[in-house]
2 protein chains.
Amino acid sequence: MQRPSQINSPGSRKGKPVSRQVLADHVYEELLESLMDGRLEPGATVSIDGTARDLDVSPTPVREALARLEHTGMVRRVALKGYRVAPVFTREDFAELMEARLAIEPVNARLACGRLTPERLAQLEQAVTDLRTAPRGPSFAEYRDYLEADERFHRLIAEQTGNQFMVAAYAALGGQVQRFRLFGGVGITDAENAIAEHQAVLDAMASGDPETAAAAMADHVRKVRGRAIADAPEG
Amino acid sequence: MQRPSQINSPGSRKGKPVSRQVLADHVYEELLESLMDGRLEPGATVSIDGTARDLDVSPTPVREALARLEHTGMVRRVALKGYRVAPVFTREDFAELMEARLAIEPVNARLACGRLTPERLAQLEQAVTDLRTAPRGPSFAEYRDYLEADERFHRLIAEQTGNQFMVAAYAALGGQVQRFRLFGGVGITDAENAIAEHQAVLDAMASGDPETAAAAMADHVRKVRGRAIADAPEG
DNA sequence: TGCCTGCCAGCCCTATAGGATCTGAACATG
DNA sequence: CATGTTCAGATCCTATAGGGCTGGCAGGCA
């Protein structure tokens, strides 16, 4: 999840020149929010020229932003036909994602366990604290901080392995993690349980036993899967 | 690794209009070959305008091709500074890659084991056959078929899991797998052993026991690691 | 000799224009 | 009424031009 170094207030009027930064970053954020909130329905085409007109920029930065979004799986590109919003997660997609997380994240926890520095530990604790304090509303703008803290916790563990490829493998999943929140329209409903599980993972890693840390992470992922399936309205 | 549906002969002279396809695909292939052969040294800057002049196209398709290459890890982008060729593999990078493969590929073999169809089995056998017959020269053009068959074998197993995220996780590594061949300038020196190990993995999967298949895959990855470290000229 | 300053070429980034292609509807014809 | 054709609009794709910034180099000064 790449973010620009600075975001100026949304809702700004047209013609107002955006801050001196790469416009593609701005377009990326704008499209991401539209996708997360469901304003862009699955299957709808995302016109390059049309988006450029809406955001009052030229097609060039829109093209670059869409090229990045394609690698998150949120949009798909067909040559000479344009971009379309990818279909929503099904129950099967979600099960596959959890299966993959079960294969990768406990390994990350185990590898990271032996490399815990006080600095890194503090960052993990900060992430859990942010989880507790983040607002939880129905729109992406309201729960994005929560999601960001959640994602940051798991990514920090991946980075703590010191293995760039485990980070890359996790990132291949992480971009998709955000999407499943949408697949039933439910917001953040499992915050209390999830926070406790994150704390348990953190405690296990701090204790220094790799196997316990791996088990705690596996337990967390399984419980997330269980709760999400219970919450989902239908297939 | 996305490829255009058709590739016309490389080495074509300037001015020759490329086939009716998206130019970005062509630029992507051209840059990939330059990277794999080492014509673009690690750390060198890849100028957008300069590349456009060399290939006789405008900067726009070059920009899109580089955006795709960035996600393979071969080039890195710094905002407002341009693209640079990613640094070459060190011995530590290689160890990390093998550690990650050990975490992911045995799981793939286990998951794929229960879903073997005769058609898929035939594709795997074909990959091993191609490994035996592929030429093995020092330049990328000569050993690319060997590498392609190797990569195809492992990718087929990942796809056979039926889990799109395990495929994505493997792809996060797979794009890098090819590069490590470059890190000492050594060509294909372990073909006979590697072919036998691939055959062992295939046999284990055909027998239907998931744990045996996972063990065979883990054994293969470990032995690849051992041979490569023995071959490497230095750190 | 060493250091600072102004100039200049190159590059990234964005905007704009034009050609090529696809889609969809109106229209003519059997 | 069904079907093939034409035409207009939208869209993608590429090329070209210009603004703003960075980095190197020559020349002047202590």
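Chain naming here is simple, since letters A, B, ... match the order of the sequence lines and numbering starts at 1 in each. What's counted below: heavy atoms across the whole structure, side chains too, no hydrogens, waters or symmetry copies.
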Please state how far atom [atom1] in [X] lies from atom [atom2] in [N], giving the value in whole angstrom units.
| X | N | atom1 | atom2 | answer |
| --- | --- | --- | --- | --- |
| Leu55(B) | dA15(D) | CG | C1' | 15 Å |
| Glu64(B) | dC12(D) | CD | P | 12 Å |
| Asp56(B) | dA15(D) | CG | C1' | 12 Å |
| His26(A) | dA15(C) | NE2 | P | 12 Å |
| Leu80(B) | dC11(C) | CG | C1' | 11 Å |
| Glu70(B) | dC12(C) | CD | P | 14 Å |
| Leu23(A) | dC21(D) | CG | C1' | 16 Å |
| Leu66(A) | dC13(D) | CG | C1' | 14 Å |

Can you give me the N/O atom pairs linking the protein to nucleotides 7-11 of chain D at distances under 3.5 Å, or say none if there are none?
unit_1	atom_1	unit_2	atom_2	d
dT11(D)	OP2	Arg53(A)	NH2	3.3

Applying side-chain hydrogen bond (donor to acceptor under 3.5 Å, both in side chains), name anything that partners [X], two or more places apart in sequence or on another chain.
| X | value |
| --- | --- |
| Asn163(A) | Glu99(B) |
| Glu105(A) | Arg101(A), His154(A) |
| Ser34(A) | Arg39(A) |
| Arg84(A) | none |

Query - Pairs touching residues 120-131 of chain A that satisfy salt bridge (Lys or Arg N to Asp or Glu O under 4.0 Å), sequence neighbours left out - result: Arg120(A)-Glu159(A), Asp130(A)-Arg152(A)
Query raised in the report: Of Arg77(B) and Pro59(A), whose closest DNA chain C nucleotide lies nearer the 5' terminus?
Result: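 Per heavy-atom nearest nucleotide, the more 5' residue is Arg77(B).
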Requested in this report: Start with the C-alpha gap between Thr51(B) and Asp54(B), add the side-chain angles, then the distance that decides, and say whether side chain to side chain donor-acceptor pair (under 3.5 Å) holds.
Outcome: CA-CA 5 Å; Thr51(B) 305; Asp54(B) 290 345; 5.5 Å; no
Query raised in the report: Taking only N and O in the side chain of Ser58(B), is any of them less than 4.0 Å away from OP1 or OP2 of dT14(D)?
Result: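 For dT14(D), OP1/OP2 do not have a side-chain N/O of Ser58(B) under 4.0 Å.
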Report summary line: Between Ala86(A) and Pro42(A) the two heavy atoms that sit nearest each other are O-CB, 3.7 Å
**Report entry** Closest listed nucleotide, where the reference is the side chain of Arg63(A) and the choices are dA15(D), dC12(D), dA15(C)
**Finding:**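 Of dA15(D), dC12(D), dA15(C), dC12(D) is nearest to the side chain of Arg63(A).
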